[in-house]
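To start, the structure under review is shown below, and the notes come after it.
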Amino acid sequence: MRKERLKSYSKFAARVYAVAAKIPKGKTMTYAEVARAAGSPRAYRAVGNILSKNYNPKIPCHRVVRSDGQAGGYNRGGWTGKEKKLRSEDAL
DNA sequence: CCCCTGACACTTA
DNA sequence: ATAAGTGCCAGGG
């Protein structure tokens, strides 16, 4: 049984969710930007970590990309074929 | 408190 | 351009 995440996330995590959910359509944010908006510009690592542990359906993780502009991992490595094309143009 | 893990970023070879 | 190493931060056990 996987660990139940419940709402045990800290303020930082909640901030990350808020920021990620705020990403407008046709736009992409890097983990660094999200971490910065979350309050810790150096916590881009924690952002990815929390995002992966606490995945929300309202959080378009595929819009969150790396500094290279390359997407990281959606759904813990589970990409949907359509999403792949979508994130190519980002729902353009 | 200590150790491990993780969907990153940056530098050097 | 690619690979490997290092540094950063937060969460969970």
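- One finds the OG1 atom of A:T30 at 13.0 Å from the CD atom of A:Q70 (value rounded to the nearest 0.5 Å).
- Per the geometry, CG belonging to A:N49 stands 7 Å off C1' belonging to B:dT5, to the nearest Å.
- Per the geometry, NZ belonging to A:K11 stands 15 Å off C1' belonging to C:dA10, to the nearest Å.
- In this structure, A:S40 reaches the C:dA10 phosphate: one of its side-chain N or O atoms is under 4.0 Å from OP1 or OP2.
- Evaluation of the side-chain contact (heavy atoms from CB on, under 4.5 Å) rule for A:A18 yields A:R15, A:K22 as partners, not counting sequence neighbours.
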**Prompt:** Going through the checks in order, is the side chain to side chain contact (heavy atoms under 4.5 Å, CB included) test met by A:R63 and A:K25?
**Reply:** CA-CA 9 Å; A:R63 262 182 221 156; A:K25 216 175 345 176; 3.6 Å; yes
**Request:** Show the numbers, then the answer: is there a side chain to side chain contact (heavy atoms under 4.5 Å, CB included) between A:V16 and A:L51?
**Result:** CA-CA 8 Å; A:V16 174; A:L51 242 59; 3.1 Å; yes
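- Rounded to an integer number of Å, the gap from A:L51 CG to B:dG6 P is 15 Å.
- Computed from coordinates, the A:K53 NZ to B:dA7 P distance equals 9 Å when rounded to whole Å.
- Note on A:A46: a base of the nucleic acid sits closer than 4.0 angstrom, heavy atoms only.
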Protein and nucleotides 9-13 of chain B: nitrogen or oxygen contacts under 3.5 angstrom:
from	atom 1	to	atom 2	distance (Å)
B:dA9	OP1	A:S67	N	2.6
B:dA9	OP1	A:S67	OG	3.4
B:dA9	OP2	A:R66	NE	3.3
B:dA9	OP2	A:S67	N	3.4
B:dA9	O4'	A:Y44	OH	3.4
B:dC10	OP2	A:S67	OG	3.4

Heteroatom pairs (N/O) under 3.5 angstrom, protein to nucleotides 1-4 of chain C:
none

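- Taking the side-chain contact (heavy atoms from CB on, under 4.5 Å) definition, one finds that A:A37 meets it with A:V19, sequence neighbours left out.
- Every residue two or more places apart in sequence or in another chain that forms a side-chain contact (heavy atoms from CB on, under 4.5 Å) with A:R66 is listed here: A:Y31, A:D68.
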**Item:** A:V64 vs A:V34, side chain to side chain contact (heavy atoms under 4.5 Å, CB included): CA-CA, chis, key distance, verdict
**Value:** CA-CA 8 Å; A:V64 184; A:V34 177; 4.2 Å; yes
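- Distance check, rounded to the nearest 0.5 Å: OG of A:S40 to CZ of A:F12 gives 4.5 Å.
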